[in-house]
Structure formats: C-alpha cells, structure tokens
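Okay, structure first, notes after.
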Amino acid sequence: MQNESRKVLVTGGAGFIGSHVAEAYLSRGDRVWIVDDLSSGHMENVPAGATFVRLDVAEPEVKELICEEGFDLINHHAAQIDVRVSVTAPLRDAQVNVLGILNVMDAACRAGTKRVVFASSGGALYGRTAALPSIETVTKAPESPYGVSKLAGEYYLNCYREVCGLEYVALRYANVYGPRQGITGEAGVVAIFAKQLMNGQPLVIYGNGEQTRDYVFVQDVVTANMKASDMILPREAGIDARAFNIGTEIATSVNGLADALENIYGFRRDRHYEAPRPGEILHSTLATAKIRKCGWTPDFCLREGIEETLRYMASARAMAGGM
C-alpha cells in the first residue's frame, strides 16, 4: 500500500491502544473514522480530526458504514480484552471478538477494502509453550476463551483472504502498557500498580508474583501498526505467514515489575498476594525476529516506558484534582 492519504477505519479507536493508533494515522495525513461503543473506551481518547461513530462492532450498522464509506484500510482493535471476563462470560467474549470480526470482515470484502490490520494476542494464543521466547509458528494452545476467540479471528481472516482476496496482517501483542491504559484486567498491571502506588495502597499480586510477561510500550506497538499497514506481504498460506509477534523478548516477573515501579516512583508499598486467577498462563515472552526483519524494533526499554506512563498518570491526576 502507498503512503498517500487513505480512508482508514479504526475499530476500538477510543480505547487505550486504538486511540494511539488513530492518532498515528491522522499524523500521516490519512482520513480516520473511529467505531467504538465506549464500553471500555473514552471520548476524551478520540483524537481531534477523527470522525467518531458510537457502535458495537457486532451491530449491522457497522457493516453499513463500511460499505458506504469504502475504507482503504481497517485497523481492528475493538475487542473484549479481559481474560477473566472471557472465563466468566464466554458468550460475551465471543459476541465481541468472534461475531464482531465476522461482521467487519464480511463488510470489508463487500466494500473492496485493501487491507485489515488485526490486533491479536501472543501469550493468549500460544498458551504454555516448551521454549521461550515463543515464535509465531509454535503450536497454538489457548487456555482461555479470550485466546480461543483471538485465534478464531486469525483463522477467519485467513479464510476471507483465500475466499475473497482480503489482505490482512495479524499483530500478536505481548503485554502492552502506557498512557491511557485502563486499570482493569491482567493487561493493565502497570497502570494498576502505578495507581496503587500513587494512592498509598499496597500492591495486589495474584499468585506468587514469579509469573513472567513481555511488557511492550504502546508507542512501539503504534509503529508496528504503521509498519503493518504498508508492508509487502508474503504469498505463503496459513495464519502464521501474516502474523507478527510484537514484544521485547525480555521476560519480567510481576514482582520485578513492582520493584521497577517502586524504584522509579521512589516509594515502596506493602504487597498483598492473592490466589492466582483462572485462565492466565504462568510465563509468556515473544520472539520478534520476524517483525525486526521488516524494519521494526522497540525503541523504549521498560524503565523509559514506565517513566512516560507515570508522567502521564501524574498529569491526568492533577487535572482531575488529585482523584
């Protein structure tokens, strides 16, 4: 795809990652529409210059919008992202993550959309793997409905590519963190710990804290999305051919993350350890050699990303009057 101005739809564009991605498209001169039902996103995240439409991605009106506007590119970030919710409410998870992507893909084929960039998941797809960091071709063994729904999304995308020629890229994220992140779910642990530190509360850790994750800063994820929007795609078949891990290849334990936040913030808090949460894997780190060969590399180390996140949260807290 050329770098000329395009019509771009970002689903979930009022959310944490989607709003940063939408800003990047606008900065490149693209015309951007955002679809979000605001179930977890916020209007203040919607960047100036974007056209906002409040809709659930599974609603038929989304299909009408895509067919009417004829988007060149669709960046699909709308999702139910909480592993715990997927375990307790798998039908809700499937409604958003499976029926939602089917609704969008069907319309994209009808409208002649050139490419879809799909926000997938690394650890949730791979499950417990024998070798870390995990490569894209590792056996998929999701252990939660969330992981199953993301894997189903990739299979549906591959099917639409073969049936109607719709090109796509699946970005399998590690644990993304940064400004605008919510404080719910495992993925929001950086924001959760930061808020607990600021409020003088103990840090709540599920399990023994020795479970490890690959924490990648949101701006590095944004540059991966921009790369995925324009890269030359392989001709090979199968879901792994167009899937790219997005992470740092560095494993950090939850206890280690708590240490890092406390060192940067300058205060230590008590820690409360609670029972492990169902559906969560113990260790996840992603190999990124494949996307690095395409010219992407993470620019932010964990300390730099945490510092940016804390600055944002402190500023937002001050503007809100110390809430």
Residue pair Asn255 / Glu210, side-chain heavy-atom distance below 4.5 Å: yes
Just by distance, no angles: are the side chains of Ser19 and Asn45 close enough, under 3.5 Å, to form a donor-acceptor pair? no
Parallel, tilted or perpendicular: which one describes the rings of His20 and Phe16, with boundaries at 30° and 60°? perpendicular
Is a side-chain donor or acceptor of Arg31 paired with a backbone partner of Leu26 at a separation under 3.5 angstrom? no
Main chain of Asn225, side chain of Ser229: is a donor-acceptor contact present, judged purely on distance under 3.5 Å? yes
With no hydrogens and no angle check, do the side chains of Ser39 and Asp37 hold a donor and an acceptor under 3.5 Å apart? yes
Does Leu257 reach the side chain of Leu261, with side-chain heavy atoms less than 4.5 Å apart? yes
In terms of hydrophobic clusters joined by side-chain contacts under 4.5 Å, are Ile205 and Phe267 together? yes
Polar side-chain atom of Asp30 near backbone of Val32 as donor-acceptor pair, under 3.5 Å: no
Straight-line distance of Ile74 CD1 to Met105 CE, nearest 0.5 Å: 5.5 Å
Say you draw a straight line from CG of Leu9 to OH of Tyr25; how long is it, rounded to the nearest 0.5 Å? 10.0 Å
Short question: side chain of Asp93, backbone of Val87 - any donor-acceptor pair under 3.5 Å? no
Are the side chain of Lys227 and the backbone of Cys294 linked by a donor-acceptor contact shorter than 3.5 Å? yes
For a 4.5 angstrom cut-off between non-hydrogen side-chain atoms, does Val116 reach Tyr160? no
Intermediate values then yes/no, side-chain contact (heavy atoms from CB on, under 4.5 Å), Leu233 and Tyr168: CA-CA 8 Å; Leu233 298 177; Tyr168 76 93; over 6 Å; no
Spell out, as yes or no, whether a donor-acceptor pair under 3.5 Å connects the side chain of Asp270 to the backbone of Pro202. no
Any idea how Tyr177 and Tyr215 line up, ring-wise: parallel (<30°), tilted (30 to 60°), or perpendicular (>60°)? perpendicular
Are Tyr173 and His77 close enough that their ring centers fall under 6.0 Å? yes
Donor-acceptor pair, distance only, cut-off 3.5 Å: does the side chain of Asn245 make one with the backbone of Thr288? no
